[in-house]
Amino acid sequence: MAKNRRPHQRRTKRRRAGTGVAARSGGAPGTGRAAAGTYPLRARVERASFPVVKRLHALPRWLVPLSMAALFGVGVIVRDWLGLACLAALLAFMVWITYLSWPVLRRDQRLIRLLVLGMLAGVVVTQTWNLP
């Protein structure tokens, strides 16, 4: 074992200052302070999205993924306008969350999100063409 390795540090529940999303994006969420060089559209979307994201964060952790799975299930099983509406709502939600999280994602995470969005968009197009 190498001698110049640091001893393993215990993880604590407290986070270090300056490591959160607000620190990485350049401003505290909801304060209207966007990162330097941020486009005005992104700043407006982040500011408008903050109350909704705050409410989503207050929900039980299992509720949002379960709701997304339910929307996908109904969208794939039901072959009419209701199924298409569920899939479109799911796609819009995922595009919105991806847009908000894009600046803090690594390249591999971005690729995975784009693949999922592309597959979901393909399902929406398929469902649209197969409407009765």
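Computed over heavy atoms, backbone and side chain alike; hydrogens, waters and symmetry mates excluded. One is the number of the first residue; the rest follow in order along the sequence.
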Rounded to the nearest 0.5 Å, what separation is found between the [atom1] atom of [X] and the [atom2] atom of [Y]?
{"X": "Leu84", "Y": "Leu91", "atom1": "CG", "atom2": "CG", "answer": "10.5 Å"}
{"X": "His57", "Y": "Phe50", "atom1": "NE2", "atom2": "CZ", "answer": "10.0 Å"}
{"X": "Thr126", "Y": "Leu131", "atom1": "OG1", "atom2": "CG", "answer": "11.0 Å"}
{"X": "Leu105", "Y": "Leu111", "atom1": "CG", "atom2": "CG", "answer": "11.5 Å"}
{"X": "Arg79", "Y": "Ile77", "atom1": "CZ", "atom2": "CD1", "answer": "9.5 Å"}
{"X": "Leu117", "Y": "Thr98", "atom1": "CG", "atom2": "OG1", "answer": "4.5 Å"}

Worksheet, complete the sentence: Scanning both residues in full, the closest heavy-atom pair of Leu100 with Arg42 reads O-NH1, 3.9 Å

Practice prompt. Over all heavy atoms of both residues, which pair between Ala88 and Val124 is shortest? Give the atoms and the distance, please.
Written response: N-CG2, 4.4 Å

Membership question, hydrophobic clusters at under 4.5 Å side-chain separation (ILVMFWY): are [Y] and [X] in the same one?
{"X": "Val74", "Y": "Val64", "answer": "no"}
{"X": "Leu120", "Y": "Val78", "answer": "no"}
{"X": "Val52", "Y": "Leu63", "answer": "yes"}
{"X": "Trp62", "Y": "Val53", "answer": "yes"}
{"X": "Met94", "Y": "Leu114", "answer": "no"}

Practice prompt. Not counting sequence neighbours, list each pair that qualifies as a ring-ring contact (aromatic ring centres under 6.0 Å, His included) and has a residue in residues 80-104.
Written response: Phe93-Trp96

Worksheet item: With no hydrogens and no angle check, do the side chains of Arg113 and Ser101 hold a donor and an acceptor under 3.5 Å apart?
Response: yes

Discussion item. Taking the side chain as everything from C-beta on, heavy atoms only, tell me whether Leu71 gets closer than 4.5 Å to Leu87.
Written reply: no

Discussion item. Under a 3.5 Å distance rule, please check whether Gln127 uses its side chain to pair with a backbone N or O of Gly83 as donor and acceptor.
Written reply: no

Worksheet item: Does Gln109 reach the main-chain N or O of Arg106 with its side chain, forming a donor-acceptor pair under 3.5 Å?
Response: yes

